[in-house]
Amino acid sequence: MPMIPDRGRLARDRVQQAVSQANLPTLLMVLYQLTADDRWLRDPFRPTRGKGMSDNDSGGFSQSDQEMIREQAVTAIVAWSEGQEVALPSPDQQTLVQMLGCCMGENVPQEYGEMIAEEPGLKGPQAQPRDSTGRMRPEFSAIIVGAGVSGLMAGLELKRAGITYTILEKNPDVGGTWFENRYPGCGVDTPSHLYSFSFFPRRWSSHYGKRDELAEYMRDMASTFHLTSDIRFQTEVLSACYDEAGQCWTVTARGYDGAVEELSTNMLITAVGQLNRPKVPLVPGMERFSKPLFHSSRWPSDLDISGKRVGVIGTGASAMQIVPAIVDQVSRLTVVQRSPQWVAPSENYFKPVTSEVNWLLENVPFYHAWYRLRLAWINNDRIHASLQIDPDWPHPERAVNAINDGHRRFFTEYIVSQLGDREDLLAKALPTYPPFGKRMLLDNGWFASLKRPHVDLLTGSVEEVTENGFRTTAGTEVEVDIVVFATGFQAQRLLHPLDIRGRNGITLRDVWGEDDASAYLGLTVPGFPNMFVMYGPNTNLGHGGSYMFFAERQARYIRDLAVKMGEQSIGSVECRKDVHDDYNRRVDEAHSKMIWSHRGMDTWYRNERGRVVTNSPWRIVDYWRMTRDAELDDFVCEPVVGKVTSRCGREPGHGPGVG
Ligand code: NAP
């Protein structure tokens with residue numbers, strides 16, 4: 001799918017047909033850019049503010065205004081296709097902010113202008129980060145651990161800079177999370193047009209893509225940008241050790257044939273995700289159960305669930321996708337809920353992207369960019385204010401501030417509308433903690449599934465696994481044929497089980513302990529020169545948004561630093577301790593005023609001693625600004641001490657890949 005549509009004559013009736021299904025606030029921005037007629041930014045053509053996460057397709061306009069907008073848009077699009085110049089090809093930042101505010105029906109602060117202006121497809125070809133090819137030392141190389149979203153993005157940025165790199169991936173294919181998770185219903189709960197790389201749009205079949213399509217997208221990304229030949233599949237990194245004299249890392253990896261080898265590299269980039277290692281509680285008696293029992297991310301490919309009695313432990317994002325996906329096939333479904341979840345309505349969850357909408361996204365200039373910008377505004381920073389603890393708020397038992405309380409009313413009304421006729425379920429499923437205290441989930445048929453006669457919702461957790469099922473902490477005995485532990489991941493044990501040794505042989509575990517990871521910008525740790533941790537500590541988006549965005553920012557930052565190293569003959573960069581400590585002091589301080597630190601909140605975002613380890617406290621626009629340029633002043637830089645020859649085993653492209 002092209003980023004900027006090719007101009008070619010478009011038939012009026014074809015445009016008309018597609019525009020009949022357009023999102024009107026998006027279409028208005030197209031109309032304004034094509035014509036520069038500012039009546040499209042004023043009443044009566046200012047859309048209303050959409051409710052919740054709704055796309056607000058009609059913009060809240062009267063029928064006659066809708067028709068007028070469509071008709072004028074058709075005329076402008078056809079004229080453009082026939083050669084008319086775009087009246088506003090490059091809106092300045094102030095205009096972009098005004099436009100976004102207009103199409104969202106709310107105020108957008110000016111500070112977003114610079115970030116918005118980077119959206120590809122808005123202004124024609126984007127200025128790429130500076131290219132360094134020719135200035136890098138030819139022997140400089142990087143090893144990236146993992147070929148998921150982060151690893152592929154890092155590979156792409158290094159490739160763009162002409163830096164040699166190899167991606168070592170333990171699986172036989174790319175995709176990371178999207179390769180490994182195969183449970184029924186697995187997919188995104190961030191809209192797919194936002195959960196995409198900004199530079200690599202796709203013709204998504206539905207608004208919330210499912211696992212197979214996401215895995216294919218990741219494969220397409222790797223092959224389109226010629227990354228696949230630089231990946232060594234079925235190669236698991238076991239450890240990495242920094243060699244101070246050589247300013248390089250020695251990486252130990254086990255190949256597909258079981259052979260262990262050592263590779264040397266100047267730069268080590270871990271891209272292993274936070275949600276990779278399953279967390280299964282140690283419940284007594286598990287060995288007694290002879291039927292299938294597994295973690296949600298290890299769903300057996302040949303498992304037949306039809307007519308079976310299934311127990312699902314947990315009610316997080318994974319369970320919430322599994323339950324509606326299997327409810328029609330099983331004979332009995334028992335869901336064990338330790339904590340209830342806040343669940344938001346989602347009108348688009350199951351909606352396909354129609355061929356007309358895809359046509360608009362692909363053929364109408366600026367449509368894709370404005371559609372994505374609108375999604376970003378709805379899903380990114382908009383709710384950040386709802387997460388801030390107001391110390392003067394009089395009802396901390398139900399919300400952290402007045403906005404949060406408004407969200408509580410909205411979600412409560414929704415849950416009551418779904419379960420109001422089942423008092424028993426409502427009592428169990430309505431959370432008492434403030435909304436957004438745990439990850440917000442989308443209703444994908446969850447409540448409808450819980451109401452089915454063959455579904456039981458039990459509260460508590462599993463106390464013991466028996467020969468034929470399990471017993472809950474409330475003493476209920478359940479007989480099942482299959483047990484699914486949808487109990488989450490070891491998110492706080494970042495980089496577990498990698499053994500990483502930095503300067504003086506200090507291990508990352510020595511520095512971080514079991515669950516107390518910290519890094520400057522979530523990316524770099526004092527004592528570990530030339531090493532970067534993608535999706536590292538405090539980079540999980542707890543308030544919303546797309547991780548793809550963070551991966552793009554982090555990869556660009558690493559590339560920027562690598563380019564500067566090449567330009568200035570720097571052999572090693574090591575984050576300054578004072579910079580790291582000051583950053584993390586600010587992270588902790590920001591978190592102390594946020595919902596995840598609210599009294600009584602229990603979440604995997606926090607470690608044993610209550611520190612938020614996984615989540616970012618920042619708004620997306622803040623992180624965008626922090627990662628705009630890699631500042632060498634933040635690092636202790638050593639000049640190159642000598643020539644280091646990369647010993648990255650096989651030449652790139654000769655690994656046992658899927659090609
Ligand atoms: P999760 O959010 O950590 O949920 C785990 C669930 O298991 C929670 O309900 C938890 O209860 C429960 N649990 C944990 N230990 C338990 C125990 N010993 N006994 C009983 N219940 C227990 O894990 P997840 O659902 O796999 O999701 C993890 C993250 O992966 C998500 O937050 C999200 O970032 C990502 N994810 C995303 C999607 C998506 O749609 N894009 C889908 C799946 C996963 P408590 O709440 O009481 O801890």
Side-chain angles (χ1 to χ4, degrees), residues 148-149 176-178 180-192 194-195 206-211 213-214 273-284 286 294-299 311-325 334-344 346 349 379 428-429 431-433 436-444 446 457-465 470-474 476 478 483-492 535 539-548 550 596 600-606 614-616:
V149 169
T177 284
W178 302 116
E180 289 182 5
N181 282 268
R182 289 152 191 258
Y183 59 77
C186 179
V188 281
D189 61 6
T190 303
S192 289
L194 188 60
Y195 192 85
S206 67
H207 287 274
Y208 289 86
K210 289 293 172 208
R211 181 262 164 207
E213 197 171 1
L214 284 148
Q274 286 191 4
L275 305 166
N276 185 260
R277 301 283 165 173
K279 188 176 73 188
V280 179
L282 287 171
V283 181
M286 272 174 160
F294 50 86
H295 184 264
S296 54
S297 66
R298 301 290 182 266
W299 196 279
V312 175
I313 320 303
T315 51
S318 299
M320 202 152 284
Q321 293 186 331
I322 292 169
V323 165
T334 306
V335 181
V336 179
Q337 170 193 281
R338 190 166 70 176
S339 322
Q341 303 282 346
W342 285 105
V343 180
S346 174
Y349 195 87
N379 286 275
K428 292 178 189 170
T432 49
Y433 59 86
F436 303 107
K438 291 178 187 272
R439 191 173 187 276
M440 184 51 84
L441 299 171
L442 297 184
D443 189 10
N444 54 353
W446 172 253
L457 180 66
L458 304 181
T459 53
S461 55
V462 174
E463 190 171 67
E464 189 181 357
V465 175
F470 54 81
R471 190 174 56 253
T472 70
T473 42
T476 311
V478 184
V483 183
V484 184
F485 279 94
T487 41
F489 297 86
Q490 302 179 46
Q492 296 156 8
Y535 201 174
T539 58
N540 186 52
L541 285 164
H543 76 283
S546 160
Y547 177 66
M548 294 262 183
F550 261 45
W596 305 303
M601 265 323 309
D602 180 20
T603 152
W604 57 262
Y605 301 156
R606 283 211 321 249
T614 58
N615 281 15
S616 169

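Whatever order the structure lists them in is the order used to number ligands and atoms, beginning at 1. Numbers for residues simply follow the sequence, beginning at 1.
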> Restricting to side chain to side chain contact (heavy atoms under 4.5 Å, CB included), what partner residues turn up for A344, sequence neighbours left out?
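Side chain to side chain contact (heavy atoms under 4.5 Å, CB included) list for A344, sorted by chain: F411, M440, L442.
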> Using heavy atoms and a cut-off under 4.0 Å, could you grab the residues that are in contact with ligand 1, chain by chain, numbers ascending?
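The 4.0 Å shell around ligand 1 contains Y183, G187, V188, D189, L275, P281, I313, G314, T315, G316, A317, S318, Q321, R338, S339, Q341, K438, R439, S461, A486, T487, G488, F489, W604.
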> Measure the acute angle between the ring planes of Y535 and Y547, then classify it against the limits of 30° and 60° as parallel, tilted or perpendicular.
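Taking Y547 first and then Y535, their aromatic rings lie parallel (interplane angle under 30°).
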> Could you tell me which residues satisfy side chain to side chain contact (heavy atoms under 4.5 Å, CB included) with S616, sequence neighbours excluded, listed by chain and number?
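Residues passing side chain to side chain contact (heavy atoms under 4.5 Å, CB included) with S616: F550, W618.
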> Apply side-chain contact (heavy atoms from CB on, under 4.5 Å) to the pair E180 and N276, showing each step before the final yes or no.
CA-CA 9 Å; E180 289 182 5; N276 185 260; 3.5 Å; yes
> Output all residues satisfying side chain to side chain contact (heavy atoms under 4.5 Å, CB included) with S297, sequence neighbours left out; order by chain, then residue number.
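Only N181, P278, H295, F489 meet the side chain to side chain contact (heavy atoms under 4.5 Å, CB included) criterion with S297.
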> Could you label the plane-to-plane angle of the F294 and W299 rings as parallel, tilted or perpendicular, counting under 30° as parallel and over 60° as perpendicular?
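Ring orientation of F294 relative to W299: perpendicular.
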